[in-house]
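First up is the structure itself, then whatever we jot down about it.
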Amino acid sequence: MATKQVTAPTSGTPKQAPTSPTQAKPGLIATVREFFEDVVSEMKKVSWPTQAELKSLTQLVLWSLLISGIVLGIYDFIFNNLMALILKLG
């Protein structure tokens, strides 16, 4: 029958005890400072688009909006006239 072996932790530092509720919480200024440091750190990791990619994607969005607006305008015109016709007959 196999026996379980217990191994010691590999790191030389002892684990910290869980924080107790009596320890002071960081102040508002420290919390805000930490938040903005984290934001700056994350923004450095962002993969920003090149100017050419940004231009082409902006054009894509604008053309999509134009086409969607035209299609919705046509539907609105058709249904508006259809409802007017139905109300005149009824």
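Because the structure is a prediction, the values reported are computed rather than measured.
Shown are Leu65, Val61, Leu66, Leu60; of these, the side-chain contact (heavy atoms from CB on, under 4.5 Å) with Trp63 is made only by Leu66.
Taken together through direct or relayed side-chain contacts under 4.5 Å among Ile, Leu, Val, Met, Phe, Trp and Tyr, Val40 and Val32 form parts of separate hydrophobic clusters. Linking ILVMFWY residues whenever their side-chain heavy atoms come closer than 4.5 Å, directly or via other members, leaves Leu87 and Phe79 in distinct clusters. A single hydrophobic cluster is seen to contain both Ile86 and Tyr75, as judged by linkage of ILVMFWY side chains at heavy-atom distances under 4.5 Å, directly or through other members. Tracing side-chain contacts under 4.5 Å through hydrophobic residues (I, L, V, M, F, W, Y), one reaches Val46 starting from Val39; they form part of the same cluster. Taking hydrophobic clusters as Ile, Leu, Val, Met, Phe, Trp and Tyr residues chained together by side-chain heavy-atom distances below 4.5 Å, Leu72 does not share a cluster with Phe77.
In this structure, the side chain of Ser41 does not engage the main chain of Glu37 through any donor-acceptor pair within 3.5 Å. At least one donor-acceptor pair closer than 3.5 Å links the side chain of Glu53 to the backbone N or O of Thr50.
Atom-to-atom distance recorded for Leu85:CG and Asn80:CG is 11.5 Å, nearest 0.5 angstrom. Here the CD atom belonging to Gln59 is positioned 10.0 Å from the CG atom belonging to Leu54, to the nearest 0.5 angstrom.
Within a 6.0 Å sphere centred on CD of Gln51, other residues, nucleotides and ligands contribute 12 heavy atoms or fewer.
Here the side chains of Phe35 and Asp38 are not in contact, with every heavy-atom distance at 4.5 Å or above. At a threshold of 4.5 Å between non-hydrogen side-chain atoms, the residues Trp48 and Met43 count as touching.
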